[in-house]
Amino acid sequence: MVSTPLRPRPTLRRLTPGDRRSFLQAVARSRALHHPWAYPPDTPDAFDAYIEIDRARHALAVVVDHEEPLVGIYALSQIHHGSFRNAYLGYYAFVPHAGEGYMREAMTLVFRYAFGELRLHRLQANVQPGNERSLELLRATGWREEGYARRYLKIGGRWRDHVLFSILAEDVYASVPGRRPVYDRRRPGTRPSDAAQPPDG
């Protein structure tokens, strides 16, 4: 009997300057997948600005086997604490891993990081209505549709409608199993929150 190799599990870690080359290569080979839904940074300067230390934005890489290539990106932006405790989630996968289920698996790690390490209460995500794969990802991972915003964001030079989604810490608290770390402990400095620790309280 031939044993089937175990499927590698995704890990979430902070995007670092050392990822610049692999990130830009992944963006270049994934343009047909991303456009017109997303326009990730595609120049060295844009990448450097994207990963600047910012308490209100964390760019997180999804990887498997702790190696290249990058599977995709989850980005938490407009992170607020205090009485709001909210952030916006953006994301995109990279060829050749798009459609393999890694982004869906990694969403659990995003929840654990956002609702655990960052102690947020709510995440929001907004998706263009024609982006079926992105809509399916949110629906399959427990997000709730809250509304429809006309001409909500300018993407690719055009104002585009978006479907609005949210998920709360209590929505996923019971469904996030285990204590598997959301980052690779073997790579110092890549814990997602290393770049910007949330305030106490």
Heavy-atom side-chain proximity of [X] to [Y] below 4.5 angstrom:
{"X": "Y50", "Y": "R20", "answer": "no"}
{"X": "R119", "Y": "E117", "answer": "no"}
{"X": "R9", "Y": "Y102", "answer": "no"}
{"X": "I51", "Y": "R57", "answer": "no"}
{"X": "V110", "Y": "L89", "answer": "yes"}
{"X": "V163", "Y": "L135", "answer": "yes"}
{"X": "R13", "Y": "L60", "answer": "no"}

Which pair of non-hydrogen atoms, one from [X] and one from [Y], has the smallest distance, and what is that distance?
{"X": "N131", "Y": "V127", "value": "CB-CG1, 3.8 Å"}
{"X": "R104", "Y": "L137", "value": "CA-CD1, 3.5 Å"}
{"X": "H34", "Y": "A93", "value": "NE2-O, 2.7 Å"}
{"X": "R29", "Y": "P96", "value": "NE-CD, 3.9 Å"}
{"X": "Y91", "Y": "L138", "value": "OH-CG, 3.3 Å"}
{"X": "L109", "Y": "P10", "value": "CD1-O, 3.5 Å"}

Under the 3.5 angstrom rule, does the side chain of [X] hit a backbone N or O of [Y] as a donor-acceptor pair?
{"X": "D48", "Y": "D45", "result": "no"}
{"X": "H162", "Y": "R160", "result": "yes"}
{"X": "H35", "Y": "S30", "result": "no"}

Item to complete: Look at the rings of Y92 and F23 and say which category their plane angle falls in: under 30° parallel, 30 to 60° tilted, over 60° perpendicular.
Response: perpendicular

Please tabulate, for the side chains in residues 71-80, all donor-acceptor contacts under 3.5 angstrom to protein atoms that are two or more places apart in sequence or on a different chain.
from: Y74; atom 1: OH; to: M103; atom 2: O; distance (Å): 2.7

Worksheet item: What do the steps show when you test W143 against M107 for side-chain contact (heavy atoms from CB on, under 4.5 Å), and what is the final call?
Response: CA-CA 11 Å; W143 292 70; M107 185 71 83; 3.7 Å; yes

Measuring from [X]:[atom1] to [Y]:[atom2], what's the distance to the nearest 0.5 Å?
{"X": "L118", "Y": "H81", "atom1": "CG", "atom2": "NE2", "value": "5.5 Å"}
{"X": "E52", "Y": "F47", "atom1": "CD", "atom2": "CZ", "value": "11.5 Å"}
{"X": "T141", "Y": "E105", "atom1": "OG1", "atom2": "CD", "value": "12.5 Å"}
{"X": "L123", "Y": "I167", "atom1": "CG", "atom2": "CD1", "value": "7.5 Å"}
{"X": "N86", "Y": "Q124", "atom1": "CG", "atom2": "CD", "value": "4.5 Å"}

Worksheet item: Does one hydrophobic cluster hold both L24 and F94, with members joined at side-chain heavy-atom distances below 4.5 Å?
Response: yes

Discussion item. Is there a side-chain contact (heavy atoms from CB on, under 4.5 Å) between L33 and R133? Walk through the geometry before answering.
Written reply: CA-CA 10 Å; L33 173 67; R133 294 176 74 166; 3.6 Å; yes

Worksheet item: Does the pair F111 and Y113 meet the rule for a ring pair (Phe, Tyr, Trp, His ring centres under 6.0 Å), with working shown?
Response: CA-CA 5 Å; F111 293 156; Y113 173 58; over 10 Å; no

Fill in: F84 ring center near H121 ring center (under 6.0 Å)
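Ring-ring flag for F84/H121: false, centres at least 6.0 Å apart.
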
Worksheet item: Within a reach of under 6.0 Å around CZ of R144, are more than 12 heavy atoms found that belong to other residues, nucleotides or ligands?
Response: no

If you look only at distance, which donor and acceptor atoms sit under 3.5 Å apart when one is on a side chain in residues 148-159 and the other is two or more places apart or in another chain?
from: Y148; atom 1: OH; to: D161; atom 2: OD2; distance (Å): 3.0
from: Y152; atom 1: OH; to: N126; atom 2: ND2; distance (Å): 3.2

Discussion item. The test is side-chain contact (heavy atoms from CB on, under 4.5 Å); show your working for T11 and V64 and say whether it passes.
Written reply: CA-CA 6 Å; T11 297; V64 291; over 6 Å; no

Fill in: By salt bridge (Lys or Arg N to Asp or Glu O under 4.0 Å) - contacts of E136 (at least two apart)
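E136: no salt bridge (Lys or Arg N to Asp or Glu O under 4.0 Å) contacts found.
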
Discussion item. If only side-chain N and O atoms count, and only distance matters, is there a donor-acceptor pair under 3.5 Å linking E146 with S166?
Written reply: yes

